[in-house]
Amino acid sequence: MTLILDPDDPTGWREAPGAAPDAHAGPAASAHLTAGLNPQQREAVEYRGPALLIVAGAGSGKTRVLTHRIASLIDAREAWPSQILAITFTNKAAAEMRERVEALLGEAAGGMWISTFHSACVRILRREAESIGLSSTFTIYDSADQRTILKRIIKELDADTLGFTPASAQAKISKLKNELADVETYARNVNSNDPNEVMFLEIFRQYTRRLRDASALDFDDLISETVYLFRAFPKVAALYQRRFRHILVDEYQDTNHAQYSLIRELTRAVEPDVVAELNEHGVLVRGLTDASGSIPGASLTVVGDSDQSIYAFRGADIRNIVEFERDFPGAKVVLLEQNYRSTQNILSAANAVISNNFDRKDKKLWTADGDGEKITGYTGYSAHDEAQFVADEIEALHRAGVAYRDIAVFYRTNAQTRALEEIFVRSALPYRVVGGTKFYERAEIKDAMAYLVAVANPLDELAIRRILNTPKRGIGPATETSIASFAEANDLTFRQAMRAADGLGLGPKATTAIQGLAKLLDEAAAMLVPSEQGIAEGTNAGAAKVSDVLAFLIEGSKLVETLRTSRDPQDETRAENVEELLAQTKDFDRENPGASLVDFLTQVSLVAAADELDDASGTVSLMTLHTAKGLEYHAVFLTGLEEDCCRTRCRPPNPAGRLRSAACSTSASRARASASTCRSR
DNA sequence: AAGTCGTCGCTTTTT
DNA sequence: GCGACGACTT
């Protein structure tokens, strides 16, 4: 293992006076960084110490506090930008936070890491991949990819007879990974008399093996593998523990065990023996060590509110925030209770719902903005009736001068958009569904992306098999199987087996087709090799741009051509979608000069629904309550509030025309979407 | 190998 | 109510 000095770590910080974190650093911030803050917000910005918990009720200005706190740390020279790691919930929130910090400081603050858990982990893993035997161009599998693999495994093992479905296996694997239980840990606890457990272990094993062989990680791996990396290689961990002196985590109530463990690893002190090793490798630690010769753990700030925990289904553990003071003894707690976004009527209604939660610490949100307009309740006779009400109300708001883009409609599940969309189309209301079936989930886009993935990561068998016969080139399942078994028998990768297609004894047509595809992918990969100068600099100089590679692949595979000449009328739209993807890669190339294909693929893998939201769109936004978290609108509609609306599975379909639907809207005041836990019974 | 028809089961919520 | 998948046909 080699330790390198982080390339984007400015060296100046070592010389700076007071660079070491110091709890008694004196008056913290310039006045402009605390101006206009209430006393509690100011306290949260100015507090200096190892651990700070900011309990921030909905709409209490926590983003403001976080950005001011970061700016204050930098402004007071208590941290260099590169020593800051801030974790946000979406990439969009990260970009906004960076802009706001830079606006406060009046200068660019490059080197700050502000990102989601997943983005930060990918960045670390790509850099340290070789330590854990992974290619730095590893693929990130989304849930559809996971399901495809699990489907194949379940079929091969006949596991469906025991009731396993791809979805059930995926959920179970995800749960285990979020609890940091890897296959071998699970294997040790398996009850060998239970055929279900034995079968699941086999599924888990195969799944793990296939991802490893393909050099691929799923979403949950991104977090857990980073934790394993840090635990197995203290010297690697020390690089990051040394670097990040201030770690700030937003939405802490929605962290799961793996994310919690990651934070614990990152805030761990570096022991003197490891400090000595860092020194030997030329990693500078001067000014960071304390009297005992160790580097103290980073200071940690978490922001959250247990009333706003909505991700328990993906392993979020509310104990992380409830037990923060026990985990980090001596932690300071600041409560933000003044709400700046809603009127009292809205707060009271929200409170009435939340107060039904058990185990709840009472919080009293208040506002100085007065009662405001009352919330409107409406009970419809059907989903369509409800949608019509919403549409009429939106029209009324619009006539009263509210812009469409300041209006949002929320629901629990994506399936609930249907009635709304029908009525909105009929009423000619401009709207946009945020999330749901995304652009990148369309089959033709996944095909084009699979070409890029296959070029970036030649080990990725899933990607290659997806495009093997797309567009149709006469390679059917039989041919596919014979390539796979040839690879297996000769210890080759699928890709290598394709290159050696001559020896497979297939028909001339199939052989030519396979070799043609292998050649296309190899040539595209060759375009990505940087020039000698680029290699010498360690940059991407001389490598083809993403859009050039994609254009080459589309041309060589006839992907768009095939769609254009197809008889299926829908294929014209599909061709346009692929062209749209090409346009997006051009935008990417322009906005990210020097970025690689892997950077593009990573970005696409990690976009959240809310990241796609275009603030200037001029349309009403439709989205799930989960997607809405952290967003803000002038008027919002909550639809489908009736009991049991989303659990049709266990109930017969609703008798026609008698579905009770409830919508409620708030307007003429700024309402902030902030969903709350609603545990039934 | 590709096209057509009929059956099953599925959806909370997401990085 | 829709889409994915398998069996069947050409």
Side-chain angles (χ1 to χ4, degrees), chain A residues 87-94 115-122 140-148 151-152 154-155 160 163 165-168 170-171 174 177-178 217-224 251 254-256 258-259 309-316 383 410-419 422 434-438 440-441 443 468-480 506-507 509-510 513 566-568 602-612 623-630 640 644-651 653-654 656 673 675-678 680:
Chain A
I87 302 291
T88 57
F89 213 62
T90 63
N91 296 297
K92 192 172 184 234
S115 70
T116 61
F117 269 110
H118 291 85
S119 299
C121 287
V122 171
I140 301 165
Y141 280 172
D142 65 16
S143 9
D145 298 328
Q146 295 183 63
R147 251 172 283 136
T148 306
K151 196 183 295 167
R152 288 182 193 166
I154 287 169
K155 198 176 165 191
D160 52 334
T165 64
S168 71
Q170 181 193 14
S174 175
K177 288 185 177 180
N178 286 334
L217 299 177
D218 64 30
F219 280 128
D220 302 313
D221 286 331
L222 297 178
I223 314 291
S224 58
E251 307 285 9
D254 280 326
T255 52
N256 60 35
Q259 292 166 332
S309 159
I310 57 169
Y311 283 102
F313 70 90
R314 69 175 196 206
F410 301 148
Y411 36 82
R412 253 186 89 187
T413 71
N414 285 305
Q416 285 168 267
T417 56
R418 195 174 304 146
E422 266 174 45
V434 184
T437 325
K438 283 166 259 160
Y440 289 99
E441 285 169 10
L468 198 61
N469 200 29
T470 312
K472 303 248 182 296
R473 48 172 76 87
I475 310 174
T479 312
E480 185 180 337
L506 295 164
K509 236 173 54 191
S566 149
R567 266 167 310 165
D568 187 339
T602 303
Q603 202 196 357
V604 170
S605 298
L606 299 180
V607 286
D611 297 335
E612 307 265 85
M623 69 191 88
T624 65
L625 283 157
H626 282 81
T627 302
K629 186 165 198 173
D644 278 350
C645 94
C646 305
R647 283 184 290 164
T648 49
R649 233 177 93 200
C650 325
R651 285 153 32 95
N654 286 294
S676 307
T677 335
C678 298
S680 52

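Below, read A as the first sequence line, B as the second, and so on, with proteins coming before strands; counting in each chain starts at 1. Everything numeric here is computed off the predicted structure, so don't read it as measured data.
If you take NZ of A:K92 and P of B:dT14, they are 16 Å apart, rounded to a whole angstrom. The OH-P distance, from A:Y440 to B:dT15, rounds to 14 Å in whole Å. In this structure, A:E251 atom CD and B:dT14 atom C1' are separated by 13 Å, rounded to whole Å. A straight line from CG of A:L222 to P of B:dT14 spans 18 Å, rounded to a whole angstrom. The distance from atom OH of A:Y311 to atom C1' of B:dT15 is 8 Å, rounded to the nearest whole Å. In this structure, A:R418 atom CZ and C:dG1 atom C1' are separated by 6 Å, rounded to whole Å. Here the C1' atom of nucleotide B:dT14 and the CD atom of A:Q259 are 12 Å apart, to the nearest Å. One interatomic measurement links the two molecules: CG of A:D220 to C1' of B:dT14, which rounds to 11 Å at whole-angstrom precision.
Put simply, the side chain of A:R473 gets close to the backbone of A:L468: a donor and an acceptor are under 3.5 Å apart.
Close to B:dT14, at under 4.0 Å from its OP1 or OP2, lies a side-chain N or O of A:N414. Distances shorter than 4.0 Å separate none of the side-chain N or O atoms of A:N178 from OP1 or OP2 on B:dT15. Proximity of A:K151 to the phosphate of C:dA4: no side-chain N or O atom is located under 4.0 Å from OP1 or OP2. In terms of phosphate contacts, A:S143 brings no side-chain nitrogen or oxygen within less than 4.0 Å of OP1 or OP2 of B:dT14. Contact between the side-chain N/O atoms of A:T479 and the OP1/OP2 oxygens of B:dA1 is found at a separation under 4.0 Å. For B:dT13, the OP1/OP2 oxygens have no side-chain nitrogen or oxygen of A:T627 closer than 4.0 Å.
Residue side chain A:R412 reaches the base of B:dT12 through a donor-acceptor N/O pair under 3.5 Å, judged by distance alone.
With DNA chain B read from its 5' end, the first of the two nearest nucleotides for A:I475 and A:F219 is the one closest to A:I475. In this structure, A:H118 and A:N469 both approach DNA chain B, and ranking their closest nucleotides by distance from the 5' end singles out A:N469.
No side-chain heavy atom of A:Q170 sits less than 4.5 Å from a side-chain heavy atom of A:K151.
The base-pairing partner of B:dC10, taking Watson-Crick or G-U wobble contacts with both distances under 3.5 Å, does not exist among the strands shown. Nucleotide C:dG1 forms a pair with no other nucleotide shown, judged by Watson-Crick or G-U wobble geometry with both contacts under 3.5 Å.
Here the options are A:Y411, A:F410, A:F313, the test is ring pair (Phe, Tyr, Trp, His ring centres under 6.0 Å), and the partner is A:H626; only A:F313 passes.
Stacking of the aromatic ring of A:F117 onto the base of B:dT15 is not found under the criterion of centres within 5.5 Å and planes under 30°.
Side-chain proximity of A:K472 to B:dG3, B:dT15, B:dC10: nearest is B:dG3. Listed candidates were B:dT15, B:dT12, B:dG3. Nearest to the side chain of A:T116 is B:dT15. Distances from the side chain of A:T165 to the nucleotides B:dC10, B:dA1, B:dT14 place B:dC10 closest.
Taking the charged nitrogens against the carboxylate oxygens, A:K629 and A:D254 do have a contact shorter than 4.0 Å, which makes a salt bridge.
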query = Could you go step by step and tell me if A:T165 and A:S168 meet the side-chain contact (heavy atoms from CB on, under 4.5 Å) rule?
reply = CA-CA 5 Å; A:T165 64; A:S168 71; 3.2 Å; yes
task = Start with the C-alpha distance between A:F117 and A:F219, add both sets of side-chain angles, then the distance that settles ring-ring contact (aromatic ring centres under 6.0 Å, His included), and finish with yes or no.
result = CA-CA 10 Å; A:F117 269 110; A:F219 280 128; over 10 Å; no
